[in-house]
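Everything on this sheet refers to the single structure shown next.
Position 1 is the first residue of the sequence, and the numbers go up from there.
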Amino acid sequence: MQAEQTLLRQLRNADPMAFRRVYDRYVQRIYYFAVSILKSPEAAQQVVHDVFTSLWERRHTLDEDIPLNGYLFTMTYRLVLVSFRERHSQCQPKEILQRLTTQSGSNTEEEVLYQELELLYQQAVAQLPSRRREIYLLSRHEGYTSQQIADRMSLSTQTVDDHLNQAYNTLGSYFEQHTY
């Protein structure tokens, strides 16, 4: 722990050798974690690049008491979500979380991260207003189309789409606020 705190202190002071040590220590693990979820080496490589770019840009704000491993993997997961959002027209957090569960169960860190992310997801969904949450769950968890939800709830499809867009924005903001 003391060695990591020293490393973080050096990194905060813009020491390029400290950055190199962090990079060398984590680059492969972050890449394999990202590629195992994204199933795309190119997308995973971009996530790795973004993680280390962000780390360097945010080095002044690093807290010595926060484990670097958890910080980096949380950032990686957040950027995986961003990558998914860019690659797919709608973000489906449950699909991402399900991919995490298909990982080899031998890595305790990934299991703990999955459990933390699942809890974070459940908390984010619970924050939605009741009607918006119901619409979101019907869409994302039950696979209903906007038209099916509109018919079931006696709403217009535009209202359903508005609720879904607001839910995505709320969930995205919640993840951003709670993952750093």
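Remark: the backbone N or O of A126 is paired with a side-chain donor or acceptor of R133 at under 3.5 angstrom. Of the possible donor and acceptor atoms, none in the side chain of S83 sits under 3.5 Å from a partner among the backbone N and O of L79. The backbone N or O of I149 sits nowhere less than 3.5 Å from a side-chain atom of R152 that would complete a donor-acceptor pair.
Rounding to the nearest 0.5 angstrom, the gap separating the CG atom in L55 from the OH atom in Y23 is 12.0 Å. Once rounded to the nearest 0.5 Å, the distance linking CZ of R20 with CG of L11 reads 13.5 Å. Rounding to the nearest 0.5 angstrom, the gap separating the CG atom in D24 from the CZ atom in F19 is 10.0 Å. Rounding to the nearest 0.5 angstrom, the gap separating the OG1 atom in T76 from the OH atom in Y31 is 13.5 Å. To the nearest 0.5 Å, atom CG of residue L62 and atom OH of residue Y71 are 5.0 Å apart. Between D151 atom CG and T145 atom OG1 the span is 7.5 Å, to the nearest 0.5 Å.
A pairwise comparison of heavy atoms in V51 and M75 identifies O-SD, 3.5 Å as the closest pair. The shortest heavy-atom contact between E4 and L68 is OE2-N, 2.8 Å. The two residues L128 and A167 come nearest to each other via the heavy atoms CD2-CA, 4.0 Å. Nearest approach of A18 to Q10, heavy atoms of both residues: CB-CB, 3.6 Å. Residues R59 and A14 share a closest heavy-atom pair of NE-CB, 3.5 Å.
D15 places none of its side-chain heavy atoms less than 4.5 Å from the side chain of L7. Contact of the M153 side chain with the Y144 side chain is not registered, since no non-hydrogen atoms from C-beta on lie closer than 4.5 Å.
For R131, the CZ atom counts as loosely surrounded, since its 6.0 Å shell holds 12 or fewer non-hydrogen atoms of other residues, nucleotides or ligands.
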Evaluate the side chain to side chain contact (heavy atoms under 4.5 Å, CB included) criterion for residues V160 and L138: first the C-alpha distance (whole Å), next the side-chain angles of each, then the deciding distance (0.1 Å), finally the verdict. CA-CA 11 Å; V160 170; L138 286 171; over 6 Å; no
I'd like to know whether V35 forms a side chain to side chain contact (heavy atoms under 4.5 Å, CB included) with V47, so could you lay out the CA-CA distance, the side-chain angles of the two residues, the decisive distance to 0.1 Å, and finally the verdict. CA-CA 9 Å; V35 81; V47 166; over 6 Å; no
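Side chains of D162 and Q166: a donor-acceptor N/O pair is absent below 3.5 angstrom, by distance only.
For the ring-ring contact (aromatic ring centres under 6.0 Å, His included) with F33, the lone residue among F73, Y26, Y77 that qualifies is F73.
Residues that satisfy the side chain to side chain contact (heavy atoms under 4.5 Å, CB included) test with E57, not counting sequence neighbours, are T53.
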